[in-house]
Amino acid sequence: MKIIEALKKIKENKQKINDLHERISRNCANNSHETTLYGEDTQSKIKEWLQSCNDLAQQNVHLLCNIQKTNLQTNVTIELGGKNVTKSIAEWVWRRREYAKIDEITWSKLSDRGLREGVLKNSLGMDTEVRIVRHFDPSERDEKIDIYRSEPHKIDGALEVVNAVTDLVE
């Protein structure tokens, strides 16, 4: 089974569980004067649905664990900023979820802080030229921001392919 198939199966199982929850909720009890949809089999149907929910949940846990194993063991190379970077699927997922954005924000904190250059009068009344002293390279900052901003899109594209072709680790 491919990763993408497992992900779809998990989603499908969750939907089945939700549907079973509705059936259980609607049929778990009734007043004595009401006729049940399943007649004398209602109690066995409820037990069957409860067991099905349990089985589907266990199947999802098994699939999710296999996805995690696969994500930890499968390396993917993505080109970022002109360099090939290799990480496990799990590492790329975390980069996609949070850390590419954190790196983008980190580099975007480098600024002129609203400071201005020009001529000011000092305490003696003399004109003094004021310049901004940057403790960073603006070109490097801009390059890094561009790389980190585009990284999630590149990760999405690469993982889409990997999820379609990679077999689950058992």
Side-chain angles (χ1 to χ4, degrees), residues 1-25 52-122 127-170:
M1 177 181 281
K2 305 293 184 200
I3 295 172
I4 192 71
E5 293 170 325
L7 292 169
K8 286 179 181 179
K9 185 66 174 171
I10 290 165
K11 186 176 179 179
E12 179 185 313
N13 286 351
K14 284 181 178 180
Q15 184 58 52
K16 286 179 182 177
I17 290 169
N18 286 336
D19 292 345
L20 289 168
H21 285 171
E22 285 298 315
R23 286 184 190 177
I24 292 167
S25 178
S52 291
C53 286
N54 184 58
D55 293 346
L56 290 166
Q58 286 183 9
Q59 183 182 35
N60 276 5
V61 169
H62 178 75
L63 289 170
L64 288 164
C65 287
N66 287 345
I67 290 170
Q68 285 181 328
K69 287 179 200 173
T70 305
N71 287 352
L72 289 168
Q73 294 179 21
T74 305
N75 286 329
V76 178
T77 301
I78 300 175
E79 187 271 321
L80 295 171
K83 298 177 188 169
N84 286 332
V85 180
T86 302
K87 297 180 183 296
S88 69
I89 294 173
E91 290 171 298
W92 284 122
V93 167
W94 280 109
R95 289 290 306 162
R96 172 63 179 97
R97 283 185 187 163
E98 292 186 48
Y99 293 97
K101 187 65 174 175
I102 288 172
D103 287 343
E104 179 189 340
I105 291 168
T106 299
W107 281 89
S108 70
K109 295 300 178 185
L110 297 171
S111 72
D112 290 344
R113 299 182 34 239
L115 301 174
R116 296 183 189 178
E117 294 182 320
V119 178
L120 295 176
K121 294 213 182 280
N122 65 17
D127 287 342
T128 303
E129 184 178 346
V130 176
R131 298 181 55 212
I132 298 171
V133 179
R134 292 175 188 89
H135 303 284
F136 64 93
D137 178 352
S139 297
E140 180 185 19
R141 173 202 58 202
D142 295 345
E143 180 184 323
K144 294 286 189 179
I145 289 171
D146 288 344
I147 289 169
Y148 295 130
R149 190 172 286 148
S150 67
E151 187 175 343
H153 177 71
K154 289 184 178 191
I155 293 169
D156 287 346
L159 293 186
E160 204 172 283
V161 172
V162 169
N163 286 346
V165 299
T166 304
D167 289 318
L168 276 184
V169 172
E170 288 289 327

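Position 1 is the first residue of the sequence; numbering continues from there. Quick note: numbers below take in every heavy atom, side chains included, and nothing from hydrogens, waters or symmetry partners.
Judged by distance alone, with hydrogens and angles left aside, the side-chain atoms of Trp92 form a donor-acceptor pair with the main-chain N or O of Val76 at under 3.5 Å. Put simply, the side chain of Thr70 gets close to the backbone of Val169: a donor and an acceptor are under 3.5 Å apart. Using modelled atom types, one side-chain atom of Ser150 and one backbone atom of Ile147 make a donor-acceptor pair closer than 3.5 Å. A donor-acceptor pair is defined here as one N or O able to donate and one able to accept, closer than 3.5 Å; no such pair exists between the side chain of Ser25 and the backbone of His21.
Side-chain N/O atoms of Asn18 and Glu22 include no donor and acceptor closer than 3.5 Å.
Remark: Asn71 CG to Gln73 CD distance equals 10.0 Å, nearest 0.5 Å. Rounding to the nearest 0.5 Å gives a distance of 4.5 Å between SG of Cys53 and CG of Leu20. Summarising the geometry, atom CG belonging to Asp167 is positioned 9.5 Å from atom OG1 belonging to Thr74; distances are rounded to the nearest 0.5 Å.
Taking the charged nitrogens against the carboxylate oxygens, Glu5 and Lys8 have no contact shorter than 4.0 Å, which rules out a salt bridge. A salt bridge links Glu104 with Lys101: the distance from a Lys NZ or Arg NE/NH1/NH2 to an Asp or Glu carboxylate oxygen falls below 4.0 Å.
Put simply, the residue from Arg95, Arg141, Lys109 that forms a salt bridge (Lys or Arg N to Asp or Glu O under 4.0 Å) with Asp103 is Arg95. Just one of Arg96, Lys87, Arg97 meets the side chain to side chain contact (heavy atoms under 4.5 Å, CB included) condition when paired with Ile155; it is Arg96.
More than 12 heavy-atom neighbours from other residues, nucleotides or ligands sit within 6.0 angstrom of CD on Glu98. Heavy atoms from other residues, nucleotides or ligands lying under 6.0 Å from CZ of Phe136 number more than 12.
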Query - Test log, rule side chain to side chain contact (heavy atoms under 4.5 Å, CB included), inputs Gln58 and His62 - result: CA-CA 6 Å; Gln58 286 183 9; His62 178 75; over 6 Å; no
Query - Step-by-step side chain to side chain donor-acceptor pair (under 3.5 Å) determination, Asp19 to Gln15 - result: CA-CA 6 Å; Asp19 292 345; Gln15 184 58 52; 3.0 Å; yes
Requested in this report: Check step by step if salt bridge (charged side-chain N to carboxylate O under 4.0 Å, His left out) holds for Lys9 and Glu12.
Outcome: CA-CA 5 Å; Lys9 185 66 174 171; Glu12 179 185 313; 3.4 Å; yes
